[in-house]
2 protein chains.
Amino acid sequence: MPLNTSEKTVGRLSLYRRLLQELSTASVSYVYSHQLATKAGVTAAKLRRDIMAIGYTGSPSKGYDVVKLAESIAHFLEDPEGQPAVIIGVGNLGRAIMSYFGGRRPKLQLVAAFDSDEKKVNRVIHNIRCFSADSLEEYIVQNSIKVAVITVPVTQAQNVADILVRSGVKGIMNFAPIHLRVPSDVFIEDIDLAISLEKVAYFARQNKQKKEA
Amino acid sequence: MPLNTSEKTVGRLSLYRRLLQELSTASVSYVYSHQLATKAGVTAAKLRRDIMAIGYTGSPSKGYDVVKLAESIAHFLEDPEGQPAVIIGVGNLGRAIMSYFGGRRPKLQLVAAFDSDEKKVNRVIHNIRCFSADSLEEYIVQNSIKVAVITVPVTQAQNVADILVRSGVKGIMNFAPIHLRVPSDVFIEDIDLAISLEKVAYFARQNKQKKEA
DNA sequence: TAAACATTGTTAAAATATTCACAGCAGTAT
DNA sequence: ATACTGCTGTGAATATTTTAACAATGTTTA
Ligand SMILES: NC(=O)c1ccc[n+]([C@@H]2O[C@H](COP(=O)([O-])OP(=O)(O)OC[C@H]3O[C@@H](n4cnc5c(N)ncnc54)[C@H](O)[C@@H]3O)[C@@H](O)[C@H]2O)c1
Ligand SMILES: NC(=O)c1ccc[n+]([C@@H]2O[C@H](COP(=O)([O-])OP(=O)(O)OC[C@H]3O[C@@H](n4cnc5c(N)ncnc54)[C@H](O)[C@@H]3O)[C@@H](O)[C@H]2O)c1
């Protein structure tokens with residue numbers, strides 16, 4: 001399997017897996033590319049190409065084995081050892097995220113939160129304990145954390161990113177509206193909701209649809 | 001100016017504008033493409049190409065006029081009449097979003113929230129009043145709402161989307177992890193945080209960087 | 001004044017991503 | 001058996017996006 005799987009393909013594989021798990025729960029055993037593609041909102045050809053990337057092979061007559069394909073994607077996406085993650089900034093957004101990711105996926109769990117506000121320290125929110133921001137570096141190093149979520153105010157985001165990088169974090173989901181400067185081996189996923197909303201507003205006026213329905 | 005500006009370009013234009021406003025606040029009058037590009041985390045060539053899309057022209061010696069370019073982008077992105085928006089689902093995420101977008105941009109404001117939980121109705125959260133979900137359709141029609149944010153549970157999202165579309169909404173920012181079925185003239189921006197986090201975790205393991213640092 | 005310089009706007013090239021289209025295959029029907 | 005069906009996997013074609021490259025241009029300097 002190629003080392004250079006694109007960001008888009010990785011994202012869609014994650015989506016396919018979710019849909020496969022739903023199918024599995026609904027006791028569906030096999031699914032055709034066009035069926036899964038429809039659920040995902042992509043074309044069948046694109047889906048088959050994505051699946052090619054992980055080297056899984058379906059049957060021309062029965063389609064894809066729901067459970068096997070889901071496992072195959074999981075094997076591709078997940079670290080079998082698990083990847084604990086932390087979140088920094090227990091404000092409005094941070095708490096919402098914590099409620100969402102609390103105990104969501106065994107291999108990818110939020111294990112700790114950090115905040116500089118002493119009033120929040122030691123509180124347990126949605127099963128995740130909040131620690132002092134002062135202990136961030138130590139915690140990351142000691143627990144070999146590689147994945148982090150930044151939900152601090154924009155003025156603090158680069159600061160926090162610097163600490164994370166220094167401590168060994170290799171992937172950051174960043175909600176602060178700022179371009180973080182990090183070494184090139186650290187992956188940043190920016191979630192910029194202001195931009196997203198402006199896009200929606202713009203295309204709502206254009207009455208222009210996305211590529212695939 | 002071409003009718004077919006890509007989604008990516010529109011998103012980046014929104015980003016440039018934010019940076020220009022920051023520069024303007026800092027009393028900077030002119031900026032070169034490579035300076036603005038660095039702030040945005042993109043290449044200068046890409047930025048110049050994006051700006052080409054809106055037909056603005058800078059000066060080879062002084063670069064771009066900060067205020068004029070910001071206005072030019074605003075003129076391109078925004079409806080001069082303003083575009084009121086609504087949010088449906090005043091839960092953990094909905095409230096965080098409301099706090100973020102409350103009175104953010106004059107031309108693009110969250111003017112109302114809707115929830116099916118009667119306990120939330122009539123509460124005012126971050127200056128936005130919460131109405132009963134029963135009044136959603138009427139409100140949208142009467143106020144000619146074209147932009148909406150969906151933060152209801154996944155089981156309710158398609159339901160809500162159907163109501164929105166029926167009432168005339170043309171752009172939806174959707175946080176529910178489901179592919180919404182809507183007519184092709186309705187623009188959907190899916191924000192799928194579970195997928196985003198899985199991407200981060202995957203690339204954190206690969207130690208692979210994004211295209212531009 | 002003219003040469004040197006750094007920047008823009010834009011065309012052309014390259015890189016990515018998507019879609020097409022079909023060979024090959026496993027069932028099923030005849 | 002043999003023909004038929006509808007699927008997958010994939011090479012080739014197409015579309016989109018990014019990057020490179022440079023002529024044109026205004027500014028500064030000598
Ligand atoms: N609320 C939203 O829906 C939303 C949407 C998009 C983006 N954002 C961005 O997300 C970030 C957080 O937004 P919010 O609404 O939750 O803000 P918030 O003010 O409610 O929360 C920020 C939290 O970060 C903590 N904090 C500040 N500095 C810190 C530090 N150095 N280390 C650790 N913790 C620190 C604060 O004590 C506070 O609890 C901001 O950058 C905002 O722009 C928020
Ligand atoms: N919390 C997060 O950070 C987060 C992150 C990503 C995605 N999401 C998604 O966003 C959505 C909301 O998440 P949440 O954590 O805020 O959930 P939540 O349960 O806290 O809030 C959902 C709200 O929607 C309301 N609601 C339910 N049905 C409704 C209807 N038909 N009309 C109007 N309102 C209705 C509920 O009363 C509730 O207030 C979910 O689809 C979730 O998957 C949440």
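Convention: sequence-line order gives letters A, B, ...; per-chain numbering from 1.
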Rounding to a whole Å, what distance do you find between Met52(B):CE and dT19(D):C1'? 14 Å

Output the rounded distance in Å from CG (Leu36(B)) to P (dG9(C)). 13 Å

In whole angstroms, how far is the P atom of dA17(C) from the CG atom of Leu47(A)? 17 Å

Under 4.0 Å, heavy atoms only, any strand: does Thr57(A) hit a base, just the sugar-phosphate, or nothing? sugar-phosphate

Using atom CD1 of Ile51(A) as one end and atom C1' of dA17(C) as the other, report the distance to the nearest whole Å. 17 Å

Where the side chain of Lys107(A) meets the backbone of Pro80(A), is there a donor-acceptor pair that is under 3.5 Å apart? yes

Pairs in or reaching into residues 136-160 of chain A: which pass ring-ring contact (aromatic ring centres under 6.0 Å, His included), with residues at least two apart or in two chains? Phe114(A)-Tyr139(A), Phe131(A)-Tyr139(A)

Polar-atom pairs under 3.5 Å, protein N or O versus N or O of nucleotides 4-7 of chain C: list them with distances, or write none.
unit_1, atom_1, unit_2, atom_2, d
dT7(C), O4', Pro60(B), O, 2.9

Can you name the residues that form a side chain to side chain donor-acceptor pair (under 3.5 Å) with Asp115(B), not counting sequence neighbours? none

Check DNA chain C against residues 13-22 of chain B and give the residues with a non-hydrogen atom under 4.0 Å, in numerical order. none

To the nearest angstrom, how far is Tyr64(B) atom OH from dG26(D) atom P? 15 Å

In whole angstrom, give the distance that lies between atom NZ of Lys46(B) and atom C1' of dT10(C). 18 Å

Applying a 4.0 Å non-hydrogen cut-off, can you work out what Tyr30(B) is touching in the nucleic acid: base, sugar-phosphate, or nothing? nothing

Residues at least two apart in sequence or cross-chain that pass ring-ring contact (aromatic ring centres under 6.0 Å, His included) with His34(B), listed by chain then number, are Tyr32(B)

Taking CG from Asp65(A) and C1' from dA26(C), how many angstroms apart are they, rounded to a whole number? 16 Å

Between the base of dT19(C) and the side chain of Arg49(A), is there a donor and acceptor pair under 3.5 angstrom? yes

For Asp162(A), what residues pass the side chain to side chain donor-acceptor pair (under 3.5 Å) criterion, not counting sequence neighbours? Gln158(A)

Can you list everything that forms a side chain to side chain donor-acceptor pair (under 3.5 Å) with Gln109(B)? Sequence neighbours excluded, please. none

What is the distance, to the nearest angstrom, from the NZ atom on Lys68(B) to the P atom on dT8(C)? 16 Å

For Asp65(A), what residues pass the side chain to side chain donor-acceptor pair (under 3.5 Å) criterion, not counting sequence neighbours? none

Taking the basic N atoms (NZ, or NE/NH1/NH2) and the acidic carboxylate oxygens, is any pair closer than 4.0 Å for Lys199(A) and Asp192(A)? no

Using heavy-atom distances to pick each residue's nearest nucleotide on DNA chain D, tell me which of Lys8(A) and Val31(A) is more 5'. Val31(A)

For Ser24(A), the side chain to side chain contact (heavy atoms under 4.5 Å, CB included) test, sequence neighbours excluded, returns Val66(A), Val67(A)

